[in-house]
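Nothing fancy with the numbering, it's 1 onward along the sequence. Numbering of ligands and ligand atoms starts at 1, following listing order.
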Amino acid sequence: MKYNNQSPIAVVDSGLGGITVLRKLYKLMPNEDYIYFGDSANAPYGIKTKEEIKNLTVKACESLMERGAKAVVIACNTATSAAAAYLREKYPDFIFIGLEPALKPAALSGEYPRVLVLATPLTLKEEKFDNLMARFEGKAEFIKLPAPELVKFIESGNLDSEEEIAYLEEILAPYAGKVDAVVLGCTHFPFARKSILKILGENVLVFEGSKGAAKYCKLCLEEKGLLNYEDREGVISFENSDGNKIEASKRMFYYKG
Ligand code: DGL
């Protein structure tokens, strides 16, 4: 593993969802280079076993580290749950940035708010999530809602399709007008933000972890002297285990939603 402050930042996800994190990273650090790797050939991760997800995530991260990435952003709540602790223990000096559902700002957004947490089945059933939820006991009411099908709709690259909206209506209608906030605990879900709000109510507060992860990534790079201070425009390389997803990746990077 050889890297310096001009090396790229790697961003990995099960597919196209991590692009929502890449967008925040690029906005904050536009002079850095990025390699975005989406594992769409194996998506969705959220319905696989923890062991399967861990193996896929470790393989993707190690290959990017061997190619000289100076940090890896695991831009996937599910992959973070399954593999981040293992990777941090195996490579204690390397920067791994993980994503986790943004329960804290949601819990603190009001007086005992009702918070709907949308994520993958794996994220919601992990002990890591229960421990996170326990930290805010008495501060908010959390309602867990797995939305595995939503990942597939977003992976298709056909955003806001009729089928996607019908699925969202089916799972979200029981909560319409009944929650104060929603946590998008899967990096694919911000691509459906508009449709989610249309159903839940436009005044529902939305929380996601991507901005915080981008800020934390910058801080870690700064601390290790690995920020790129050159005055330049960074280059993003889109890679995917399914070669047909490269065009959709680029389009979704510029999606306004
Ligand atoms: N983007 C991922 C996350 O943040 C999961 C999607 C999947 O199930 O593959 O949890």
Side-chain angles (χ1 to χ4, degrees), residues 10-25 36-61 72-85 87 96-103 106 116-130 132-133 144-159 164 167-168 171 182-193 196 206-214 216-217 238-242 244-245 248-249 252-253 255 257:
V11 183
V12 301
D13 179 46
S14 63
L16 307 177
I19 293 170
T20 58
V21 183
L22 176 66
R23 281 153 50 141
K24 296 282 176 9
L25 287 160
Y36 181 85
F37 174 73
D39 193 11
S40 295
N42 291 302
Y45 277 11
I47 51 171
K48 293 188 190 314
T49 66
K50 188 174 176 183
E51 197 56 25
E52 284 173 313
I53 302 165
K54 182 181 148 197
N55 291 341
L56 290 166
T57 308
V58 169
K59 190 173 145 213
C61 293
V72 175
V73 180
I74 308 172
C76 176
N77 297 259
T78 310
T80 300
S81 270
L87 283 163
F96 293 102
I97 308 297
L99 262 284
E100 65 178 21
L103 298 194
L116 187 66
V117 186
L118 281 177
T120 67
L122 185 113
T123 300
L124 294 177
K125 74 175 180 225
E126 274 304 294
E127 200 186 322
K128 185 175 185 288
F129 182 81
D130 285 335
L132 182 64
M133 213 165 62
K144 298 186 193 184
L145 183 62
E149 297 299 315
L150 185 51
V151 176
K152 291 190 218 156
F153 289 123
I154 291 166
E155 277 297 301
S156 76
N158 182 13
L159 301 176
E164 180 190 312
Y167 170 71
L168 285 172
I171 63 163
V182 60
V183 172
L184 304 181
C186 167
T187 53
H188 281 68
F189 298 173
F191 283 122
R193 182 192 171 107
I196 291 170
V206 183
F207 296 93
E208 47 156 316
S210 56
K211 206 170 169 185
Y216 186 57
C217 181
F238 286 98
E239 300 180 3
N240 199 298
S241 53
D242 174 349
N244 296 321
K245 297 285 184 190
S249 304
M252 284 163 76
F253 182 73
Y255 172 77

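Among the candidates Asn244, Asn240, Asp242, the single residue satisfying the side chain to side chain donor-acceptor pair (under 3.5 Å) test with Ser40 is Asn240.
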Does the side-chain contact (heavy atoms from CB on, under 4.5 Å) test come out yes or no for Phe189 and Leu150, once each step is laid out? CA-CA 7 Å; Phe189 298 173; Leu150 185 51; 3.4 Å; yes
Could you walk me through whether Lys128 and Thr123 pass the side-chain contact (heavy atoms from CB on, under 4.5 Å) test, one step at a time? CA-CA 8 Å; Lys128 185 175 185 288; Thr123 300; over 6 Å; no
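For Asp39 and Lys245, the salt-bridge test fails: no basic side-chain N is under 4.0 Å from an acidic carboxylate O.
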Ligand 1 N/O to protein N/O, distances under 3.5 Å:
unit_1: ligand 1; atom_1: 1 (N); unit_2: Asp13; atom_2: OD1; d: 3.0
unit_1: ligand 1; atom_1: 1 (N); unit_2: Thr187; atom_2: OG1; d: 2.9
unit_1: ligand 1; atom_1: 1 (N); unit_2: His188; atom_2: ND1; d: 2.8
unit_1: ligand 1; atom_1: 4 (O); unit_2: Asn77; atom_2: N; d: 2.8
unit_1: ligand 1; atom_1: 4 (O); unit_2: Asn77; atom_2: ND2; d: 3.0
unit_1: ligand 1; atom_1: 4 (O); unit_2: Thr187; atom_2: N; d: 2.8
unit_1: ligand 1; atom_1: 4 (O); unit_2: Thr187; atom_2: OG1; d: 3.2
unit_1: ligand 1; atom_1: 8 (O); unit_2: Tyr45; atom_2: N; d: 3.3
unit_1: ligand 1; atom_1: 8 (O); unit_2: Gly46; atom_2: N; d: 2.8
unit_1: ligand 1; atom_1: 9 (O); unit_2: Ser14; atom_2: OG; d: 2.6
unit_1: ligand 1; atom_1: 9 (O); unit_2: Tyr45; atom_2: N; d: 2.6
unit_1: ligand 1; atom_1: 10 (O); unit_2: Asn77; atom_2: N; d: 3.4
unit_1: ligand 1; atom_1: 10 (O); unit_2: Thr78; atom_2: N; d: 3.1
unit_1: ligand 1; atom_1: 10 (O); unit_2: Thr78; atom_2: OG1; d: 2.6

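Heavy atoms from other residues, nucleotides or ligands lying under 6.0 Å from OH of Tyr216 number 12 at most.
Residue pairs meeting the salt bridge (charged side-chain N to carboxylate O under 4.0 Å, His left out) criterion with at least one member in residues 147-158, sequence neighbours excluded: Glu149-Lys152.
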